Amino acid sequence: MTASDLWHLVFGRLGLQSLPFWDMIQHPTPSHIINGIIATGAAAVVVIGALVTVFLITKYRKWGVLWSDWLTSVDHKKIGIMYIVLAFVMLARALIEALLIRTQQADGLNGGFLSADHFAQLFSTHGTIMIFFMAMPFLIGLINFVMPQQIGARDVSFPMMNSISLGLTAAGAALVMVSLVLGKFETGGWTAYPPYTEAAFNPGPGVDYWIWAIALSSIGTTMTGINFAVTIYKKRAPGMTLFRMPLFTWTALCTAILMIFAMPPLTAVSLMLALDRYLDFHFFTNGMGGNMMNFANLFWLFGHPEVYILILPAFGVYSEVFSTFSGKRLYGYTSLVYATMAIAVLSFTVWLHHFFTMGQSANINAVFGLLTMIIGIPTGVKIYDWLLTMYQGRVRFTVPLIYALAFSVLFVLGGLSGVLLANPSIDFQVHNSLFLVAHFHNMLIPGLLFGMLAGYHFWFPKAFGFRLDERWGRLSAYLWISGFILAFFPLYALGLMGMTRRTVSYFDPAYTPWMLVAEVGALVLTAALTTLVIQLIVSIRERKANAVPVGDPWDGRSLEWAIAAPSPEWNFPVIPTVTDRDPFAVAKAQHTAYQSPPAYEDITLPTNSAMGMIICVVGGLLGFALVWHMWWLAILSALAVPVAVIAKSFDTRTEKVIPAAEVRQQHQAWLAQARQETPISRQLETSPDNHGLADNTIAEAST
Amino acid sequence: MKRNDAQYHYDLRIYQWGLGLALLLTAIPFALVAFHGAPPSVLLWMIGVLGLIQVIVHFRFFLHIDLSSQKREDLHLILFTVLLLVIMAGGTIWIMHNLAERMMAS
Amino acid sequence: MSAGNVNTEALKHPGINLGEAHGEAHTQAEGVVFGFWVFLMSDFILFGLLFATYATMVDHTAGGPGPKALFDLKSISIETFALLLSSFTFGMASLNLKHGERRKPIILWLLATLMLGLIFLGLELHDFSSMIDKGAGPWRSGFLSAFFGLVPLHGLHVATASLWLIVMLVQMGVFGLTPRVKTRLLRLGLFWHFLDIIWVGIFSIVYLAGLS
């Protein structure tokens with residue numbers, strides 16, 4: 001056996017050519033050097049970032065804390081927070097990629113500075129990350145943190161599975177990050193349509209990175225959906241009927257149902273593409289009876305419900321935000337619930353509008369076009385309900401409400417462009433143009449991202465016990481909003497002028513001015529993210545001044561505000577009994593909040609488990625081994641999964657008991673603090689006087 | 001043990017009925033195919049209908065799904081899944097068949 | 001334990017009897033079993049899509065062999081019989097788990113189920129290898145890709161279920177019939193019967209429709 005044979009046996013097809021600067025050294029032309037420097041710089045950021053993190057954790061001796069308090073924790077709150085940390089890290093990367101994309105296109109008249117291949121990697125990773133590793137972790141994290149507290153539960157139904165889901169998502173994200181350092185990512189966009197992504201045209205590791213990142217995270221998300229749905233069905237506090245659930249929980253339920261039924265097509269389609277590439281199947285190949293059109297069909301069977309997986313939790317956040325910061329009950333609760341359910345079901349009936357131009361008959365297009373327009377109706381109902389929630393309310397313009405207001409205007413505009421696209425004859429004109437890019441960013445940024453950021457500001461005090469800095473928060477919100485408008489409204493015009501999406505360069509000078517405006521927008525958006533980071537640092541530094549230990553900084557209405565901030569590990573010392581919607585607002589109005597329960601009981605909680613981390617590492621290794629054809633490692637890690645699961649199934653020490661005395665002591669200390677504090681009015685909401693105890697005049701006036 | 005006897009025999013009978021019906025519903029289409037018992041188009045319909053009945057038999061006798069209120073949640077879940085399957089699988093076949101007719105006809 | 005009580009419990013979870021001492025265990029089991037049903041339905045969608053893909057690709061033989069040249073009705077009918085019978089033997093195990101809780105008959109019925117499952121797998125592997133011998137592997141055509149995407153996926157599920165069954169036999173020995181072991185057996189039962197339902201789809205849509 002030669003050395004090269006041995007190398008291939010151990011490292012598969014990994015080699016020097018997989019390093020990001022190899023091209024540059026081999027072919028030192030100016031273009032190769034520019035692209036090589038950017039790629040190497042990105043890889044260096046990943047490597048140095050990882051090293052600095054490891055160094056800091058070691059220096060401050062935090063490995064033990066990290067392991068036992070976070071990585072192996074099965075507490076839904078901590079898992080939720082870890083999901084959101086992951087989302088922010090990935091947001092940073094994908095936003096920088098967006099900036100590079102915009103810069104390339106602003107400079108793209110007759111050229112630009114990036115190679116076509118590099119540019120393709122950028123838009124592919126940007127889309128893949130934003131959808132699967134920013135948006136999904138963000139909303140899953142938020143639901144994880146909030147939903148059990150809203151329904152009066154101590155945890156989700158399957159806490160260890162929750163940790164495994166996080167592990168799988170993190171493994172997928174890690175693969176996308178590793179692709180910056182070793183090899184290249186896929187170049188066929190976030191949808192990775194074959195036949196272009198088949199082995200015949202794309203034999204490299206890029207598509208494989210996409211496949212395994214997607215497969216891992218889609219399995220994790222399916223498990224998350226099952227977990228959330230069962231939790232909401234089975235773990236509600238006594239008296240909390242379905243129609244007494246807060247609207248965020250309703251949207252969480254509908255999103256969970258969508259995950260359960262819409263993730264399987266994605267898992268299927270990614271694995272089918274893998275079979276094509278690895279085992280010479282012919283699901284989507286050009287010849288031998290393959291049918292690449294079925295890929296588009298199956299992908300969008302997932303893809304369209306996915307749009308509503310992304311948007312519904314944001315709708316839930318907005319419902320809470322509009323109601324809380326208007327000091328009013330949500331207007332039209334029942335209609336909002338039915339609208340959410342209608343959207344969830346209808347979202348399974350419109351997938352074909354993503355490929356109106358594929359060649360099916362006009363009748364089929366017409367059916368799906370009509371269904372697409374119908375889905376706008378329940379969404380419209382929601383907008384009116386939110387507006388009427390504010391009507392005659394005492395509206396407070398806090399950061400979450402600023403996001404919500406921007407959403408309600410911008411989302412309607414995006415929705416209108418969506419109704420245009422729903423008409424197949426118009427879609428034929430603007431298909432695959434920047435008009436479409438403008439449309440879906442117009443839905444996802446004001447819809448999903450603003451909603452997640454509003455939720456982040458809204459629930460941050462509950463998670464960490466202090467408010468985020470209001471001034472930096474407002475600045476950041478205005479930057480996000482103006483940056484979005486500058487970056488994406490020009491794309492509508494460009495789309496109508498005929499500029500296609502994913503174009504590395506163009507020859508029409510008329511595009512350039514619009515592109516320059518969009519570039520300014522991208523810079524503003526980068527500034528927006530920067531201010532968000534500054535806000536976090538400032539807030540942590542001033543955490544004492546902004547502390548809200550009593551736990552109700554916004555005069556909240558649902559159960560999560562009825563407990564301390566940060567929430568105790570067991571959430572509720574005694575499981576509450578619910579008699580109405582907005583239970584905490586009702587309790588405050590009737591002066592029954594902050595009362596001592598007659599008795600405390602022992603609380604049983606799940607113990608920590610390393611399973612999530614094991615599955616994360618093993619899953620990540622499996623993906624990596626398959627990408628690089630390291631068959632021995634692939635087999636070993638594939639075997640490790642069932643071994644770990646079976647070994648775990650023999651472990652009977654899965655629960656720990658918190659003695660009643662400890663619960664009593666902690667709860668009483670908190671109650672004593674609540675009695676000491678002065679309730680503050682809503683005028684002082686964003687001042688350091690706010691310690692989390694609200695005076696309840698507003699609650700009385702409006703419940 | 002004695003107290004449970006009636007219940008035991010009732011449960012046993014359910015499984016026996018399940019096996020009997022399943023075997024019957026399997027045997028008929030297998031025999032029809034083996035002995036070419038019907039013209040192909042009729043045969044396809046019969047296979048489809050008998051298969052559907054057998055699926056219901058399995059749900060009723062082996063998975064114990066019925067119309068009782070204890071099973072309502074599971075039944076709703078299954079029916080919702082079937083609705084989505086009809087939309088997804090039916091839609092896929094409809095769209096792909098139409099495309100094949102228009103683009104891939106030999 | 002009153003007879004009335006047994007009946008309500010029986011209606012709650014056919015095939016399981018957690019006893020009265022475990023009120024908490026029952027509430028938990030209900031969540032776990034419901035969660036498993038949800039997983040099964042998610043899996044159902046996965047199979048449904050592969051069925052649909054198969055239906056759209058059944059004519060894409062690319063000049064290679066089609067269903068009539070490849071499927072062997074005799075072998076399929078033995079496989080079907082083994083799997084149907086295994087659903088019944090698992091049912092008998094569940095029945096004994098619910099009434100009596102004597103370990104020996106449960107183990108015997110489970111062993112019978114495992115045997116039938118392994119017979120099914122053996123025959124199916126033999127079918128696949130003889131197809132491949134005829135040059136009809138998944139690389140031959142779109143039709144065969146769809147076939148090998150769908151049918152072995154079911155086989156993989158049966159193999160997983162068999163492994164799970166072996167683990168449960170061990171756990172019955174290690175832990176006895178604790179509530180945890182019983183709920184796991186209950187879920188395994190749901191899984192096993194569910195795979196039978198998928199097989200009804202496979203023999204109807206793939207094999208019988210292919211041969212008619």
Side-chain angles (χ1 to χ4, degrees), chain A residues 226 229-230 232-234 242 253-254 256-266 268-269 283-284 286-287 289-305 341 344-368 371, chain B residues 7 11 14 22 33 40-41 43-45 47-106:
Chain A
I226 295 173
V230 176
I232 296 173
Y233 261 97
K234 296 288 182 188
L242 284 174
L253 176 63
C254 289
I257 292 172
L258 294 185
M259 286 175 183
I260 293 162
F261 295 108
M263 284 296 147
L266 181 66
V269 88
F283 281 114
F284 311 122
N286 287 29
N291 180 3
M292 69 289 286
M293 289 184 291
N294 195 26
F295 183 96
N297 173 64
L298 291 175
F299 185 87
W300 290 109
L301 270 172
F302 143 80
H304 202 83
M341 288 198 264
V345 175
L346 281 173
S347 73
F348 283 102
T349 63
V350 298
W351 77 95
L352 181 128
H353 71 217
H354 294 269
F355 48 94
F356 274 147
T357 55
M358 201 157 76
Q360 59 280 357
S361 75
N363 287 345
I364 296 184
N365 278 353
V367 169
F368 281 89
L371 284 164
Chain B
Q7 184 67 37
D11 287 351
I14 284 187
V33 171
S41 58
L43 199 53
L44 279 181
W45 274 103
I47 292 169
V49 171
L50 289 168
L52 220 57
I53 297 172
Q54 192 175 349
V55 167
I56 295 168
V57 164
H58 279 247
F59 270 119
R60 172 67 191 83
F61 293 94
F62 291 145
L63 286 161
H64 310 284
I65 297 299
D66 51 34
L67 300 174
S68 69
S69 59
Q70 290 93 338
K71 289 297 156 62
R72 190 100 358 123
E73 230 163 36
D74 292 342
L75 183 67
H76 285 174
L77 177 68
I78 293 164
L79 289 178
F80 183 66
T81 311
V82 170
L83 170 73
L84 291 184
L85 260 184
V86 169
I87 293 172
M88 289 177 161
T92 297
I93 291 168
W94 182 37
I95 296 163
M96 287 300 131
H97 179 74
N98 181 269
L99 281 163
E101 261 186 353
R102 289 162 63 87
M103 303 169 90
M104 293 172 131
S106 48

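Predicted, not measured: the structure shown is a model, and the values here were computed from it. Note on naming: letters A, B, ... go to the chains in the order of the sequence lines (proteins, then strands), and numbering restarts at 1 for each one.
Checked by atom type, the side-chain pair A/S361/A/N363 shows no donor-acceptor distance below 3.5 Å.
Taking non-hydrogen atoms and a 4.5 Å limit, the residue list of residues 89-96 of chain B in contact with chain A, ordered by number, reads B/G91, B/T92, B/W94, B/I95, B/M96. Residues of residues 296-304 of chain A that come within less than 4.5 angstrom of chain B, heavy atom to heavy atom, are A/N297, A/L301 in numerical order. The stretch residues 77-85 of chain B places B/L77, B/F80, B/T81, B/L84 near chain A, each with some heavy atom under 4.5 Å from a heavy atom of that chain.
Summarising the geometry, atom CH2 belonging to A/W351 is positioned 9.5 Å from atom CG belonging to A/L371; distances are rounded to the nearest 0.5 Å. Atoms CZ and CZ, on A/F355 and A/F368 in that order, are 7.5 Å from each other to the nearest 0.5 Å. Distance check: B/Q54 CD to B/L50 CG gives 8.5 Å after rounding to the nearest 0.5 Å. Going from atom CD1 of B/I65 over to atom CZ of B/R72 covers 12.0 Å, rounded to the nearest 0.5 Å. Within the model, atoms OH of A/Y233 and CG of A/L253 stand 6.0 Å from one another, a figure rounded to the nearest 0.5 Å. Within the model, atoms CG of B/L99 and CG of A/N291 stand 7.5 Å from one another, a figure rounded to the nearest 0.5 Å.
Across all their heavy atoms, A/M259 and A/P264 have their closest contact at O-CD, 4.1 Å. When all heavy atoms of B/M88 and A/F261 are compared, the pair lying nearest together is CE-O, 3.3 Å.
Using a 4.5 Å cut-off between heavy atoms, A/I257 touches chain B through its side chain atoms alone.
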Kindly determine whether A/F283 and A/V269 satisfy side chain to side chain contact (heavy atoms under 4.5 Å, CB included), including the steps that lead there.
CA-CA 9 Å; A/F283 281 114; A/V269 88; over 6 Å; no

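Here the side chains of B/L63 and B/H58 are not in contact, with every heavy-atom distance at 4.5 Å or above.
Not one N or O on the side chain of B/N98 forms a donor-acceptor pair closer than 3.5 Å with the backbone of A/Q360.
With sequence neighbours excluded, no residue satisfies ring-ring contact (aromatic ring centres under 6.0 Å, His included) with A/F356.
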